[in-house]
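Report on the structure given below.
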Amino acid sequence: GRPPLSGFPRMLVSGPPSPPSPPYRLGRLTLPIYLAVVGLGGTALLVALGLAADWSAVEIGLAHVTLAAFLVLGELMPIRVPGHEDEVNTSTSFSFALLLIVGLAPAAIAQAIASAAADVRLGKSLGSVLFNVGQYTISLAAAGVVLTLVAGDPLAAAALHPEDLPALLAAGATFFVVNNALAGAAYAIHARVPVVGHLFSDLSFQAWTATLVLGFSPVVIAVANYDAFLLPFLLLPLMAIYRAGREARLSEHQALHDQLTELPNRVLFRRCADEAIAAAAGGNTRVAVLIMDLNRFKEINDTLGHLHGDLLLQQVASRLRETVRVGDTVARLGGDEFAILLPRIGGIEGAELLAKRVLTALKQPVVINGVSLTVEASIGMACFPEHGDGVDVLVQRADVAMYVAKSARVGVQAYVEEQDDHSIERLELAAELRSAIDGGQMVLHYQPQLDLATGRLIAAEGLMRWDHPTRGLIPPDVFITLAENTGAIRQLTSRALVLAVSECRRWRQTGLSIGVSVNVSAQDALDEDLPHEIERLLARYDVPPSELELELTESMLMADPQRASSVLEALSAMGVRIAIDDFGTGYSSLAYLKRLPIDHIKIDRSFVMNMEIERNDALIVESTVDLARNLGLKTIAEGIENEECRARLAAMGCDVGQGFHFSRPVAPDAFLAWATDRVAAERLAA
Ligand code: C2E
Ligand code: CA
Ligand code: CA
């Protein structure tokens, strides 16, 4: 998520410090000039030191060569510390030791070679290589000067004594201060934050690491003086720290990243958003939080299997990564939900542009094991400071906007504060829906279906209501579409099936032999797992399959006739009944329906209720009844509100009737009482 550090000068501890705060004025050339002065100046100093040194007085032994080698090793293998983007360079332990035992010029040259080697390996630019060489040379030179000033003769340090301690401390402190100031200033100029403020920002960590690294030098010297052969043993503790650091970083990485996509997870996303908000606070930049959800991902997952689903998520992740800019954060929040953090934008338009780019990038078909899939997504956006001042509010509001985008099918939607109460209410409901289903807030009310010829109660339709803790009973037309558009419908249908089948068992246990019907949506009818689910359910409650009827609308059968018909065949083979709901409102022909295993046709209530006033509607009802009879299908009329309507339908030969005339849909207990009375009355009449 953070900008990569390429080309950045390294401190003793190097890495990007906390995000920049409000910009202040600096010329565009300030940074290049500064980098050039340190780089070229320091390198010139290095050359001068090399030329001026009295090399005949310098004895290069095995110990010195070994130390120089370790120095290079330390540069190439910086220790990574969890919780910090920074790295600790142990090379300094050895360059400082070299400074003390062989003098400034050899130490500076060894350090320059090591630093340049590491930088070249990392592919840094010539400018950065020079800057780092210059920075180290100046720092070592400053330390060397202080050492000479305090101790008199630097080479006297070849055998350390307690009296040398003040000189060591002074030289170490000088190295630390100069080195950090040189690198810190470069970053501060680059990020346009006050130099002094930045230098102190991570000071305790820097000082702590410097103490460890510099404080190790006397030990290195002692060992080198005792016997060069023992020097390699010094690497052991360093290797232990290196490995521990690597493992800690790895487990930190795992704790903060999603395993499947390698993207940051929710925790890391929140952390980045927190930082971005803190950095933007008070300034005139904004932070945008985008929440993205794939449309119909569950369908893909169910149809093609989880393996394909996982591969698809990985593809989506890499497209997101490619689409955002350096510095933006893409995270996977879970399932098919992703988040994007734009830490510095001018306005919401910028975020919208990016969101559209993301949607376009996703529209290119994804080919997975030869199957080509098109992914569509919905994105909701919220901005700091307009829409909230904390991560949680922003994520929640972006989520709300995402639901709007999804249900309105608009792709991208920014959060809007209650433009209209109705949509806000719907959004809140959408957000609560899944947990409400799991939390048992869904109830089925039952409406009786009677044989129109004999007047006998034969079945009941289960109609869903949401028993909301604060809003009371919510009717299905408010939340069914919501569930369909947010992918919660499958869960809802499963719930309806469990409620209906278990209630049917209760009826049977009290001696009522009536069937139950459940409404299913298009997405359910395409789920090849549905028949198995129903089979298990019926077995669990010991309810015969013929007692369960599923109501489907014609339009859902037309969506994917092939697949729907295979699901229906499986259900029908089990003995489960199928009814076509709302018949007459769609486009399907009876001829087509004939090829499907259908038992009942439910004539839409709009025709039934209008029969008295609209002659056409009466004709439609009558011809539907006739046609169905010719095809061997039974008809159910819904929406019977009075006796006249009932009598007319009975005369037409319609088989079953349902409507307020008999009973409104009522709660389970009320239905059981009504049904018991009704059946008792039937028996008396018989
Ligand atoms: P639907 O399947 O056509 O259900 C019949 C609707 O007609 C019910 O509305 C019922 O209360 C109403 N109704 C019954 N008799 C009369 C009458 O004589 N006059 C009038 N005016 N209306 C009558 P409800 O319960 O509000 O359900 C509305 C729709 O919500 C249902 O229409 C169905 O499409 C959907 N729905 C309900 N429960 C579920 C469910 O569990 N799953 C799914 N997928 N959809 C459901
Ligand atoms: Ca129905
Ligand atoms: Ca209906």
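Counting starts at 1 for both ligands and their atoms, in listed order. Just so we're clear, the structure is a prediction, and the values are computed from it rather than from any experiment.
For a distance bound of 3.0 Å, the N, O or S atoms of Asn519 include one lying that close to the Ca ion (ligand 2). At least one N, O or S atom of Glu461 sits under 3.0 Å from the Ca ion (ligand 2). Coordination check, Glu638 versus the Ca ion (ligand 2): failed, since every N/O/S atom of the residue sits at 3.0 Å or beyond.
Taking every heavy atom of Pro665 and a limit of under 4.0 angstrom, the matching atoms of ligand 1 come to 11 (O). Atoms of ligand 1 lying under 4.0 Å from at least one heavy atom of Glu461, given by number and element, are 2 (O), 4 (O). Under a 4.0 Å criterion applied to the non-hydrogen atoms of Asp582, ligand 1 contributes the atoms 3 (O). Residue contact check: Ser521 has heavy atoms under 4.0 Å from atoms 44 (N) of ligand 1. Within the listing of ligand 1, atoms 24 (P), 25 (O), 26 (O), 27 (O), 28 (C), 30 (O), 36 (N), 37 (C) sit less than 4.0 angstrom from a heavy atom of Pro476. Within ligand 1, the atoms closer than 4.0 Å to a non-hydrogen atom of Glu641 are 17 (C), 18 (O), 19 (N), 20 (C), 21 (N), numbered from 1 in the order shown. Heavy-atom proximity to Gln447, at under 4.0 Å, picks out these atoms of ligand 1: 14 (C), 15 (N).
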Might you work through the salt bridge (charged side-chain N to carboxylate O under 4.0 Å, His left out) test for Asp542 and Arg508, ending with a clear yes or no?
CA-CA 10 Å; Asp542 193 24; Arg508 293 167 60 78; over 6 Å; no
Step by step, would you call Arg646 with Glu641 a salt bridge (charged side-chain N to carboxylate O under 4.0 Å, His left out)?
CA-CA 8 Å; Arg646 186 208 64 82; Glu641 294 193 342; over 6 Å; no
Between Trp507 and Phe671, does the ring-ring contact (aromatic ring centres under 6.0 Å, His included) criterion hold? Intermediate values first, please.
CA-CA 10 Å; Trp507 299 335; Phe671 176 76; 5.1 Å; yes
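Looking at Asp599, its side chain does come within 3.5 Å of a backbone N or O of Ile578 through a donor-acceptor pair.
A salt bridge links Lys602 and Glu551; the closest N-O separation between the charged side-chain nitrogens and carboxylate oxygens is under 4.0 Å. With respect to the salt-bridge test (charged N to carboxylate O, under 4.0 angstrom), the residues Lys406 and Asp399 do not qualify.
Here the N, O or S atom of Asp581 that is nearest to the Ca ion (ligand 2) is OD2. Nearest N/O/S atom of Glu551 relative to the Ca ion (ligand 2): this is OE1.
No donor-acceptor contact under 3.5 angstrom links the side chains of Tyr541 and Arg505, judged on distance only. Looking only at atom types and distance, the side chain of Asn519 has a donor-acceptor partner in the side chain of Glu461 under 3.5 Å away. Looking at Arg490 and Ser494, their side chains do bring a donor and an acceptor atom within 3.5 Å of each other. Side chain to side chain, Glu484 and Ser521 meet the donor-acceptor criterion of an N or O pair below 3.5 Å. In this structure, a donor-acceptor pair under 3.5 Å is absent between the side chains of Gln658 and Glu638. Between the side chains of Ser623 and Asp626, not a single donor N or O lies within less than 3.5 Å of an accepting N or O.
Polar contact with ligand 1: present for Phe660 (N/O pair, distance under 3.5 Å). Annotation: Met464 places an N or O atom under 3.5 Å from an N or O atom of ligand 1; distance criterion only. Considering backbone and side-chain atoms alike, Gln658 places every N or O at 3.5 Å or more from each N or O of ligand 1. Considering backbone and side-chain N/O of His661, none are found under 3.5 Å from N/O of ligand 1.
Looking at Thr553, Leu463, Asn519 and measuring to atom 40 (C) of ligand 1, the nearest heavy atom belongs to Asn519. Across the listed options Arg605, Lys602, Arg664, Arg605 owns the non-hydrogen atom lying nearest to atom 12 (C) of ligand 1.
Contacts between His445 and ligand 1 below 4.0 angstrom, taking non-hydrogen atoms only, are absent altogether. Heavy atoms of Asp581 found under 4.0 angstrom from ligand 1 belong exclusively to the side chain. At a heavy-atom distance under 4.0 Å, only backbone atoms of Ile640 (N, CA, C or O) approach ligand 1.
The shell of residues lying under 4.0 angstrom from ligand 1, judged by heavy atoms, excludes Pro475.
Residue His600 forms a side chain to side chain donor-acceptor pair (under 3.5 Å) with just one option from Lys634, Gln449, Glu549, and that option is Glu549.
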